[in-house]
Amino acid sequence: MIFTDLQIGKGIQLDLILEGDVWLKYQSDHSVFLQSYYLDREAGQAPEDAVHKMYPHAYIEVFDLRQCYKQMCQQAETAQNAAAVAGHLAGYNIVLGIGPVINRNQIFY
C-alpha cells in the first residue's frame with residue numbers, strides 16, 4: 001500500500017483478525033488514495049491497475065491470508081503443468097535443457 005496524500009493526519013491502525021485477515025482503519029479526517037493488490041483483485045482489476053480512495057475513518061480489509069494461499073497454490077500448479085508440458089514436448093522430461101527440474105508426481109504445498 002502506498003499512501004499518496006501528505007494529510008494522513010492521525011495515521012492508520014492495522015488489525016489482524018482470526019488467522020491472517022488484515023484490516024486497516026484510517027483515522028484521519030481527509031481522504032487518501034492507496035494501491036493494494038488485494039483491493040485490485042476484489043475490484044476485478046489487474047494488479048497495480050488502479051488506486052483506491054480511502055475515506056476518512058474507513059475500516060477495510062486489505063489482506064486475506066487464505067486467498068493469498070489459494071492464489072499461490074494455483075500459480076504453483078500452473079507452473080508445474082507448464083513445466084510438465086515443456087518437458088513432454090522436449091521428449092526427455094527436461095525443461096530448456098536443464099535436467100529433470102520437476103518430478104510430475106511432486107506436489108507443491
Side-chain angles (χ1 to χ4, degrees):
M1 282 171 274
I2 301 172
F3 286 96
T4 59
D5 192 329
L6 296 176
Q7 304 227 357
I8 291 177
K10 298 174 187 171
I12 64 170
Q13 171 184 324
L14 294 173
D15 292 330
L16 178 62
I17 308 294
L18 301 173
E19 295 179 2
D21 296 340
V22 177
W23 286 73
L24 182 143
K25 182 175 184 180
Y26 179 56
Q27 299 175 331
S28 181
D29 295 326
H30 304 282
S31 295
V32 292
F33 294 88
L34 60 97
Q35 288 181 308
S36 165
Y37 289 115
Y38 176 81
L39 294 176
D40 290 344
R41 183 172 169 87
E42 291 297 299
Q45 299 174 341
E48 296 186 18
D49 196 31
V51 293
H52 305 273
K53 185 173 185 177
M54 188 149 192
Y55 293 96
H57 308 286
Y59 190 63
I60 61 171
E61 185 175 11
V62 293
F63 182 79
D64 182 320
L65 184 60
R66 284 180 258 14
Q67 181 189 69
C68 181
Y69 177 76
K70 282 176 59 175
Q71 187 176 359
M72 287 178 7
C73 288
Q74 289 171 348
Q75 289 176 353
E77 182 179 346
T78 299
Q80 182 180 11
N81 291 339
V85 168
H88 177 70
L89 293 176
Y92 298 103
N93 195 24
I94 60 173
V95 179
L96 301 175
I98 306 173
V101 175
I102 294 178
N103 179 344
R104 294 180 198 190
N105 297 324
Q106 187 177 13
I107 300 175
F108 295 78
Y109 291 104

So NZ of Lys25 and CD1 of Ile12: to nearest 0.5 Å the spacing works out to 12.5 Å

Notebook entry, point to check: When you look at OH of Tyr37, are more than 12 heavy atoms from neighbouring residues, nucleotides or ligands closer to it than 6.0 Å?
Noted result: no

Using the rule given for side chain to side chain contact (heavy atoms under 4.5 Å, CB included), can you reason through Leu18 versus Arg66, listing the C-alpha separation, both sets of side-chain angles and the distance that settles it, and then say yes or no? CA-CA 11 Å; Leu18 301 173; Arg66 284 180 258 14; 4.2 Å; yes

Heavy-atom closest pair (Ala43 atom, His52 atom, distance to 0.1 Å) is CB-CE1, 4.4 Å

In terms of heavy-atom contacts, Ser31 and Pro56 come closest through OG-CD, 3.4 Å

pair Val32-Lys53: side-chain heavy atoms closer than 4.5 Å: no

Does Tyr55 have more than 12 heavy atoms from other residues, nucleotides or ligands lying within 6.0 Å of its OH? no

Answer yes if the side chains of Glu61 and Gln67 hold a donor-acceptor pair under 3.5 Å, and no otherwise. no

Nearest heavy-atom approach of Gln45 to Ala50 is OE1-CB, 3.0 Å

### Message
Please determine whether residues Tyr26 and Tyr59 belong to a single hydrophobic cluster, defined as Ile, Leu, Val, Met, Phe, Trp and Tyr linked transitively by side-chain heavy-atom distances below 4.5 Å.
### Response
no

Review point. Do Tyr38 and Val22 sit in the same hydrophobic cluster, where Ile, Leu, Val, Met, Phe, Trp and Tyr count as joined when their side-chain heavy atoms come under 4.5 Å apart?
Key: yes

* Verify same cluster id: Leu39, Leu14 (apolar side-chain graph, 4.5 Å) -> yes

Here the gap from Ile60 atom CD1 to Leu34 atom CG, rounded to the nearest 0.5 Å, amounts to 5.5 Å

- request: Would you please test Gln35 and Asp40 for side chain to side chain contact (heavy atoms under 4.5 Å, CB included) and show each step?
  value: CA-CA 8 Å; Gln35 288 181 308; Asp40 290 344; 5.9 Å; no

### Message
When you group the ILVMFWY residues by side-chain heavy-atom contacts below 4.5 Å and let the links chain together, are Val62 and Leu65 in the same group?
### Response
yes

Distance col, row Asp64:CG vs Arg41:CZ, nearest 0.5 angstrom, shows 9.5 Å

Rounded to the nearest 0.5 angstrom, the OH-CE distance for Tyr69 and Met72 is 7.5 Å

